[in-house]
Amino acid sequence: MCEKHIDTKIVRADDTDAIKEAAELIKKGALVAFPTETVYGLGVNALLGDRVREVYKAKGRPSDNPLIIHLSDPEDAERYCYVNDDFRRIAERFMPGPITVVLKKKDIIPFQVTGGLDTVALRIPENRIARMLISLSGVPIAAPSANLSGRPSTTSADHVISDMFGRIDMIIDGGDCDIGLESTIVALVGNRKLKLLRPGGITPEMLREAGFCVEFDKAVTEKLSEGEVPAAPGMKYRHYAPRSQVTLLDGDGSKRNEYLTRFKDDSSVAIVCFEEDKELANAKNSYVIGSMYDQKQQAHRLFALLRSFDDISDIKQIYAPLPDKSGIGLAIFNRMLKASGYTVITL
Ligand code: TXA
Ligand code: MG
């Protein structure tokens, strides 16, 4: 991991001059963290391969894990990759928004962006600041989530400052990210068929409703065996992990309460629960993630909660409910499963 040495400038998203300055910096190859509706991105000019390498260094990210390029308009996609009708259908329906599509890349995209693959992942964020930054810079912005590799993604400027200050040139503070989980990633299999590589804000239900047949890459819901390769290389890493062990409990509120009773006074344990889990929510060491009926709220708070546990040195064990897989719940399920290293207790 590289030494901290860069003088990081922090600017506010409502400072138009600062966004112009950020766009100039991006054009020249600097590293700028910016808000999107999913999570914060760590942006670099995607056309400058040598500078893209610096992003991997700043994050401590393995170089075989490719980056997503961010554009301000789906019309620009053709400059960087080969588009087809299915891409156009997705673009019309869901872009700008929290969806990333994997397409065959054109030569203009350096292999440093794609980790050596001949495909590139492409997304058009909806966040106003992100789009302004991309269009003012006039280049595609390659951006992974703006966290140190292995830590939960950053959903506020404070998170970015904590992971990236001293490692990058600028951080744009645009407040909390709306969705709070990374974008849905799909590969186009052909003929209105998609492969879901990572679940996110655009749900399988929404994709099916738009006329697509959706199959899941195994890495979305299951642990891969030794040597198995996921279609999205990043899905093989133990992402989203707080420093303490996470254990998921598969059972309703009363079963979880029964199981966790013995830990209620234990300060080395954190109990994640829903507002509706009245008995658990009253425990001294409980952390309410939101209503069990409000998955958007749960998604919005998840990474901030996981990160907050890293600041409480006493905590060694985290127990959380196994999320429901419907809607955006599938994305919460996927992130929690990975955070837990697939540790689930069925009650
Ligand atoms: O919401 C998001 O997608 C955020 C914001 C900043 O846009 N970005 C993000 O990037 O989550 P990152 O680098 O943390 O995750 C990118 C994922 C990785 O799992 C990577 O393996 C996958 O996208 N990916 C990138 N290019 C790919 C490709 N050509 N084929 C398959 N998967 C790819
Ligand atoms: Mg990431």
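Whatever order the structure lists ligands and atoms in, that order sets their numbers, starting from 1. This is a predicted model, so every value here is computed, not measured.
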What is the distance from atom CD of Gln245 to atom CD of Gln317, rounded to the nearest 0.5 Å?
5.5 Å
For Ser183, counting its heavy atoms only, list the atoms of ligand 1 lying under 4.0 Å from any of them.
1 (O), 2 (C), 3 (O)
Below 4.0 angstrom from a heavy atom of Leu117, which ligand 1 atoms are there? Numbered from 1 as shown, please.
28 (C), 29 (N), 30 (N)
Taking Arg79 first and then Asp76, would you say they form a salt bridge - that is, a charged N and a carboxylate O separated by under 4.0 Å?
yes
Should one rank Ser153, Ala143, Gly200, Pro62 by closest heavy-atom distance to atom 8 (N) of ligand 1, which comes out on top?
Ala143
Within this structure, what is the CG-CD1 distance for the pair Leu306 and Ile318, rounded to the nearest 0.5 Å?
6.5 Å
Within the structure, does Tyr40 bring an N/O atom to less than 3.5 angstrom of an N/O atom in ligand 1?
no
Assess the side chains of Arg123 and Thr38: does a donor N or O sit below 3.5 Å from an acceptor N or O?
yes
Establish, for the pair Lys106 and Tyr82, whether the NZ or CZ atom is under 6.0 angstrom from the six-membered ring centre and no further than 45 degrees off its axis.
yes
Do the rings of Tyr287 and Phe309 sit parallel, tilted or perpendicular, given the 30° and 60° boundaries?
perpendicular
Ligand 1 atoms nearer than 4.0 angstrom to some heavy atom of Gly41 are 6 (C)
Here the atoms of ligand 1 under 4.0 Å from any heavy atom belonging to Ala231 are 31 (C), 32 (N)
If we set the cut-off at 4.0 Å for heavy atoms, which region of Thr119 has an atom near ligand 1: side chain, backbone, both, or neither?
both
Calculate, to the nearest 0.5 Å, the distance between atoms CG and CG belonging to Asn334 and Leu330 respectively.
6.5 Å
Non-hydrogen side-chain atoms of Arg151 and Asp310 separated by less than 4.5 Å
yes
Short check: any N/O/S atom of Asn147 below 2.8 Å from the Mg ion (ligand 2)?
no
Determine whether any heavy atom of Thr114 lies closer than 4.0 Å to an atom of ligand 1.
no
Which option, Asn65, Asp217, Thr36, owns the non-hydrogen atom nearest atom 20 (C) of ligand 1?
Asn65
Taking 4.0 angstrom as the limit and counting only heavy atoms of His70, give me the atoms of ligand 1 inside it, by number and element.
5 (C), 6 (C), 7 (O)
Near Ala232 (heavy-atom distance under 4.0 Å), the atoms of ligand 1 are 21 (O), 31 (C), 32 (N)
With atoms numbered from 1 as shown, which atoms in ligand 1 lie under 4.0 angstrom from a non-hydrogen atom of Ile185?
17 (C), 22 (C), 23 (O)
Going only through I, L, V, M, F, W and Y residues with side-chain contacts under 4.5 Å, is there a path from Tyr40 to Val11?
yes
Heavy-atom contacts with Pro144 under 4.0 Å: which atoms of ligand 1 show up? List them by number with element.
10 (O), 12 (P), 13 (O)
Got a sec: does the CD of Glu75 have more than 12 other heavy atoms crowding it under 6.0 Å?
no
Out of Lys59, Lys105, Glu182, Arg61, whose heavy atom is nearest to atom 13 (O) of ligand 1?
Arg61
